[in-house]
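Everything numeric here is computed off the predicted structure, so don't read it as measured data. Residue numbering restarts at 1 for every chain, and letters A, B, ... go by the order of the sequence lines.
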Number of protein chains: 2
Amino acid sequence: MSLLDIRKMRILQAIVDDYIMTAAPVGSRTVSKRSDMGLSPATIRNEMSDLTELGFLEQPHTSAGRIPSEKAYRLYVNHIMDSAKLTDDEADYIKRHLDTRVHEVGEVIRQTAKVLSDMTNYTSMVLVPQLSSMKIKRISLIPVSDGTAMAVVVTNTGVTKNAMIRIPESLSPDDVEKIAKLITAKLDGHRLNEAIESVLPTIRAEIGEQADAVSEMLEDIEKSMNETDVEVVGASNILDYPEYSDAAKARQFLAEVESGSYLQKVLTDASDVEMSVRIGTENDNPDMKDCSVVTVTYKAGGKNIGTMGVVGPTRMDYGKVMAILKYLSSSLSDILNKLLK
Amino acid sequence: MSLLDIRKMRILQAIVDDYIMTAAPVGSRTVSKRSDMGLSPATIRNEMSDLTELGFLEQPHTSAGRIPSEKAYRLYVNHIMDSAKLTDDEADYIKRHLDTRVHEVGEVIRQTAKVLSDMTNYTSMVLVPQLSSMKIKRISLIPVSDGTAMAVVVTNTGVTKNAMIRIPESLSPDDVEKIAKLITAKLDGHRLNEAIESVLPTIRAEIGEQADAVSEMLEDIEKSMNETDVEVVGASNILDYPEYSDAAKARQFLAEVESGSYLQKVLTDASDVEMSVRIGTENDNPDMKDCSVVTVTYKAGGKNIGTMGVVGPTRMDYGKVMAILKYLSSSLSDILNKLLK
DNA sequence: TGTTAGCACTCACTTCCCTCGAGTGCTAAC
DNA sequence: GTTAGCACTCGAGGGAAGTGAGTGCTAACA
């Protein structure tokens, strides 16, 4: 796509900026005043006409102003937008509300989601750190009742996850403890999903009869480790935006958010891109065709271990959101780095 | 409050029934037709006029029909309502969707909340079983990193809860294990909150130097055991009701639900009443003044261990909701009884 | 050749007004 | 005590007219 000439760019920017603020179609007069380019409305009109033809602007009806198309937002995000810096107030807000003394990962994640949603006034979501990329440090099994036990997996980074698993009823608590020790010894330092197959034979050699049971238990554990949890906050923020004043539309959005499955998918899909923006129909989900999703990854120990993001109307303040996400990502990474040493 | 005469009751019932269905003010003609009492609209009008004077009905404006007041709903719930039975279809639905083979309490709770919300089309909430009323069977401590450990509390009923706690950095994993064994031995069979004080001295006697640390750990554990988790499902259902078509009102409701604190309070407050109904301003929360909350307790081992409920507009189908809650409560109790043996 | 003033035109939105009808309360008759 | 009859109320729905923000086109200007 060959880019537009500078003047068209600036006009488009003025339109998008204005529309993001007001949600109302933007007219040539407004652009002429707002953008200090010293051009008359008539000139702007000509340019706007061109931009419409090129697919960057849309007209709700003949005598209304123009609104940006998805294509315009895309261009805006990629090439036009002032990549806004946080104001001092905003940076301050984050510092004050991200309590670095918290000692539990889950709590940090919840706080982050809250701050993200409060600052942007959109719906925020944070994927809790993914264990699959980490190395096992310890697996504990705690007998809960006949036939069930809780497995707690601790990784080298200090992230934990627990799962209820089934165990043979015949196992005594001592057996369970023995098995946990054995598993820990074998898996210590490995990634769970990679290690299971390679480790099973040696387990089988050491405790022949119970090997099948152990194998099933490991499968249970692996399955639940692959489940990703996502913290979603501020879903009701969407009702602040006029494009969702229609109850049916709002309901659809909220139901989709509540189910969480799509958001989870987006977050996991974006787990290897530092920052991603999906605008409108770029979400391959018809329920989200009027939304944009911006995500960013966060790290610990130099590796991506999770993703967080924001969902809002396509008319989103991309600059601000991206700046906040960037800052929050590094804050969160710092906290986790310290927390998980 | 002296009750109304039977005819007034039946008329009020007809009005409430109709209003619950339609959300539109009910006129005398409608009542005359709907209630097969063989009375003319004029007669009904006289009675309705009385009911208005008595505070059971309200008139949005002179030439509209009447709508029930809170007082009317209260009377309706206490004395008038047909305590509806579930249809076979509904009972069936519950049986099919409450998977009795699930082996984890949390999963059962989530399922129950989903079923409750789907069947009523209101917002449902289920308090996870409260540990405070149960006896400890085992407390495990799993070292996570220097200074932190995960505590897993298992009760005699098989309900579990875990918490991240701080531990002295000097403790070795072996020390931690020893402490866990000690705590378990001392607390086994007791309720945590009751036992701590009485048990601490003996702990102090056995491991003098680390007793302070252990005491702090127990406090951490107790604190997190008292935190109640609540599963909320179907918040967006509220948008199906015309009384919440106003975005600002919907937003207020959803924000309140999302924060969860009020719902949690209601559920814990209601934990010793088999079934409770709060109508409108009976909720001492201005944000909930147009909502009703119906709750029911569920049991395991013959004791109340949790609460669940439904939030919706005051114009709620109380009969249906209460029938569903009753049935679900006993289903859930059954499942938990089996699950927790 | 690009820019701009001027102008006719479009069209959603608001306001006003009218009608319609569901509903009420009152009165008088049964 | 019940009901038919009737005048009255008032919100909802539906044009009609006016308003104004905005457009596209044309012609003139630098």
Within residues 8-27 of chain B, residues whose heavy atoms come under 4.0 Å of DNA chain C: B:Gly27

Rounded interatomic separation in angstrom, taking CZ from A:Arg7 and C1' from C:dT4: 12 Å

B/S/- contact track for nucleotides 11-21 of chain C, protein heavy atom under 4.0 Å: BS---------

Pairs involving residues 242-252 of chain B, ordered by first then second residue, that meet side-chain hydrogen bond (donor to acceptor under 3.5 Å, both in side chains) (sequence neighbours left out): A:Asn237-B:Arg251, A:Asp240-B:Arg251, B:Glu243-B:Arg315, B:Lys249-B:Asp290, B:Gln252-B:Asp287

Under the salt bridge (Lys or Arg N to Asp or Glu O under 4.0 Å) test, residues paired with A:Asp36 that sit two or more places apart: A:Arg10

From CA spacing to verdict: side-chain hydrogen bond (donor to acceptor under 3.5 Å, both in side chains), A:Thr314, A:Glu70: CA-CA 8 Å; A:Thr314 43; A:Glu70 271 183 28; over 6 Å; no

Donor + acceptor pair across side chains of B:Thr295, B:Ser276 (<3.5 Å): yes

From B:Ile11 atom CD1 to B:Ile6 atom CD1, the distance as rounded to the nearest 0.5 Å: 12.0 Å

Chain B footprint on DNA chain D, 5' to 3' - any atom under 4.0 Å from a heavy atom: D:dT2 to D:dG11

For A:Glu58, the option from A:Thr52, A:Leu51, A:Ile67 that meets side chain to side chain contact (heavy atoms under 4.5 Å, CB included): A:Ile67

Test ring pair (Phe, Tyr, Trp, His ring centres under 6.0 Å) applied to A:Tyr241 - qualifying residues, sequence neighbours left out: A:Tyr122

Verdict with reasoning, B:Arg74 to B:Glu282, per salt bridge (charged side-chain N to carboxylate O under 4.0 Å, His left out): CA-CA 10 Å; B:Arg74 185 80 268 169; B:Glu282 292 172 14; 2.6 Å; yes

Whole-Å distance separating the CD atom of A:Glu47 from the P atom of C:dG2: 10 Å

Set of residues satisfying side chain to side chain donor-acceptor pair (under 3.5 Å) with respect to B:Ser28, sequence neighbours excluded: B:Arg45

Residues within residues 35-46 of chain B bordering DNA chain D, heavy-atom distance below 4.0 Å: B:Gly38, B:Leu39, B:Ser40, B:Ala42, B:Thr43, B:Arg45, B:Asn46

Contiguous Watson-Crick or G-U pair runs (3 or more, under 3.5 Å) in DNA chain C: C:1-30 with D:1-30

Contacts of type side chain to side chain donor-acceptor pair (under 3.5 Å), residue A:Tyr318, not counting sequence neighbours: A:Ser292

Candidates A:Val321, A:Asn78, A:Val77, A:Val296 - the one meeting side chain to side chain contact (heavy atoms under 4.5 Å, CB included) with A:Val277: A:Val77

ring-ring contact (aromatic ring centres under 6.0 Å, His included) contacts touching residues 13-34 of chain A (sequence neighbours left out): none

Set of salt bridge (Lys or Arg N to Asp or Glu O under 4.0 Å) partners for B:Glu47, sequence neighbours left out: B:Arg7, B:Lys8

Value rounded to 0.5 Å, distance of CZ in A:Arg34 from CD1 in A:Ile15: 10.5 Å

Rounded distance (nearest 0.5 Å) linking atom CE of B:Met275 with atom CG of B:Leu325: 5.0 Å

